[in-house]
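The structure appears below as structure tokens.
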Amino acid sequence: VTGAPSPSRRRFLTGGAAFLGGATVGVAGASAWASSSPEDDVSPVAWGDDAVPFWGEHQAGVETPATARLTVVALDLRDDADLTSVERLLRIWTDDAARLMAGDAALADMEPELAARPSRLTVTVGFGPSFFEGLGLQDRQPAGLIEVPPMPIDRLQPRWSGGDLLLQVGSDDPVTVAHAVRLLLRDSRVFADVRWVQPGFREARGSTAKGATPRNLFGQVDGTVNPEPGSDDFASVVWAGEDADWFAGGTTMVVRRIAFDLDGWDAVDRADRELVIGRRLTDGAPLTGGDEDTPPDLEATDADGLLVIPEFAHIRRARAVRPEQRMLRRGYSYDDPPAPGAEISDSGLIFISFQADIGRQFVPVQERLAELDLLNTWTTPIGSAVFAIVPGVQDGDWLGSSLLQGS
Amino acid sequence: VTEAVSMSDAWVKAVSDDEEMSAAFGVLTNASADGITLVSASTSVAGMVELHEVVMKDGSMVMQPKEGGIPVPAEGEATLEPGGDHIMLMELGGTIEPGEVVTLELEFDDGSSITVDATAKEFSGADEDYNGGQSMDEG
């Protein structure tokens, strides 16, 4: 800022703050960041303008491409919440989400410039079992939404578990995610308290081939066997059907926070790492050959008569033994700062799956993994939450209306 | 009949019990070839509604009634926003909860009027203490 102080700056300095504080910060920010040379400004925006439609049969953020960044937030309704106040919250969130995903500022958005590059922003809203219970809607809770039964491998912490409400906010741009999350939480602040926030990430957009399966922080290709978006198969695996009443077009979401023991993993050599998972580290192909998409030969034995893919291998335990046990996995890594001291990392996986029915699809697979999966040696579930992802809505409607208006 | 002026992105500041004032904001768009001025507004939630501006006076920004109303240029827009022109709602009968929809009646100098639904949003700015045009931050 040069020359005489502008009225807004002057006002800020004299402490009148609230009214024009936003403008002042904007001015100061512009000078602080405007350090790039003119030549840097000529390259076109690569994908900042990419927008995902908000209105539709299903909510975005499930069948839409997984973005580089994703933050999941769980909230708990205040004790005085009722159907009327929840409707008001959902109307606001619907309006916010529709505007932000289109690259428009939300109403009362004090940082509209941060909304201008959606970068495939998606906002997804869900309800936990405690939402239905707290509002007296137990009899309308989707049949596919059940709590994951306690597993012997679990070391669940309340701070990463449960929640009445879910917000999933994804974008390829972390600035966009931060702004959207902040704005949505500002608008829910009078209705609900934040229970937990889990920011996650994948490979940056453009750093790997489009559609490539991501790698987790163990270095493994993670998420190979997924239904193909847009297919009938995807629809039958993920979306609740017409028989689900108000929930038709919705899905259920499992969020499991899986801590990785990277120090322990460091001691495992590559050959053993591949046996643990059942896939080659280089390309994710099964140890029985082919490429990443080749089905594993679970019967194949080596010269000594041992199974090539051992009994304890993750892909043997995690596979759907029946077609109806499949799900959409859409996990993200986390890499939080460790507590000061000897620990050098606090890393893991935010496991996220979508399926029409948790009891039918997710639980049998999870039970097999808990029973015998050598990967459990280095992984510990420390959080668990389930949500009903409500159906999408058409322009003018609001998320959750099919549930709340019929109640 | 299609009115020349429309309002989009309308919202009002939510207020709790102990506040008696709020304000409405949004974007007025004039599709006609003539300048049109917003001259008055009303709503069932407020006993008194004024059109306000924010001006520099003696080194401070102050709110005051906008003489003659808020002009919307021909084939142009007027943005009502915190820190600028806005519709001031006073003598509120009660709270305005976040997410509540407040219906505003806007009247223009060409004799037309429109009805606008404005969503209430929690907002910590626009915190003006209207005191008849005196400085907000004296002392």
Side-chain angles (χ1 to χ4, degrees), chain A residues 4-26 78 80-96 98-99 102 104-112 115 182-192 396 398-400 404, chain B residues 7-17 19 21-27 52-64 79-86 88 95-102 116-130 134-139:
Chain A
S6 68
S8 59
R9 179 164 179 80
R10 185 166 170 182
R11 180 172 173 76
F12 179 74
L13 292 172
T14 54
F19 222 91
L20 291 155
T24 309
V25 173
R78 297 273 167 71
D80 60 355
D82 57 22
L83 295 177
T84 310
S85 66
V86 169
E87 175 178 336
R88 286 192 278 108
L89 167 61
L90 292 168
R91 284 179 179 274
I92 292 175
W93 270 358
T94 301
D95 186 64
D96 288 343
R99 290 171 187 270
D104 295 326
L107 296 180
D109 191 341
M110 289 300 280
E111 296 86 29
R182 163 81 192 168
L183 190 129
L184 290 158
L185 294 183
R186 211 184 74 192
D187 279 345
S188 61
R189 185 160 50 191
V190 300
F191 302 97
W398 46 278
L399 294 170
L404 296 173
Chain B
M7 190 177 202
S8 61
D9 301 341
W11 64 280
V12 299
K13 181 183 172 175
V15 296
S16 56
D17 286 323
E19 298 165 89
M21 287 184 284
S22 178
F25 311 97
V27 179
H52 274 199
E53 63 183 348
V54 178
V55 297
M56 187 71 158
K57 190 174 280 185
D58 301 329
S60 296
M61 305 304 292
V62 296
M63 324 300 140
Q64 64 185 30
T79 299
L80 311 187
E81 60 185 345
D85 292 353
H86 58 274
M88 189 76 195
T95 62
I96 301 176
E97 302 289 342
E100 196 177 321
V101 175
V102 171
V116 176
D117 285 338
T119 301
K121 299 206 72 170
E122 196 201 19
F123 188 71
S124 54
D127 202 16
E128 59 176 308
D129 293 321
Y130 177 55
Q134 293 178 31
S135 168
M136 274 178 62
D137 57 1
E138 285 176 307

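Values in this document were obtained by computation on a predicted structure and should not be read as measured data. Per chain, numbering begins at 1; letters A, B, ... match sequence-line order.
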message: Check this for me, if you would: do A:Asp96 and B:Lys121 make a salt bridge, where the nitrogen-to-carboxylate-oxygen distance has to be below 4.0 angstrom?
response: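 Salt bridge: yes.
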- prompt: Side chain of A:Ser188, backbone of A:Leu184: donor and acceptor closer than 3.5 Å?
  reply: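 Between the backbone of A:Leu184 and the side chain of A:Ser188 there is a qualifying donor-acceptor contact (under 3.5 Å).
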message: For B:Phe123, is there any backbone N or O sitting under 3.5 Å from a side-chain donor or acceptor partner on A:Arg186?
response: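 Not confirmed, A:Arg186 side chain does not pair with B:Phe123 backbone.
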Engaged part of A:Leu89 at the chain B interface, taking heavy atoms whose separation is under 4.5 Å: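 Neither part; nothing is under 4.5 Å.
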Heavy-atom proximity to chain B below 4.5 Å, by part of A:Arg99: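 For A:Arg99, side-chain heavy atoms alone lie under 4.5 Å from chain B.
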side-chain contact (heavy atoms from CB on, under 4.5 Å) against A:Arg91, all qualifying residues, sequence neighbours excluded: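 So A:Arg91 forms a side-chain contact (heavy atoms from CB on, under 4.5 Å) with A:Glu87, A:Trp398.
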task: Sort B:Ala14 into side chain, backbone, both or neither according to what part of it lies under 4.5 angstrom from a heavy atom of chain A.
output: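 The answer is neither part of B:Ala14.
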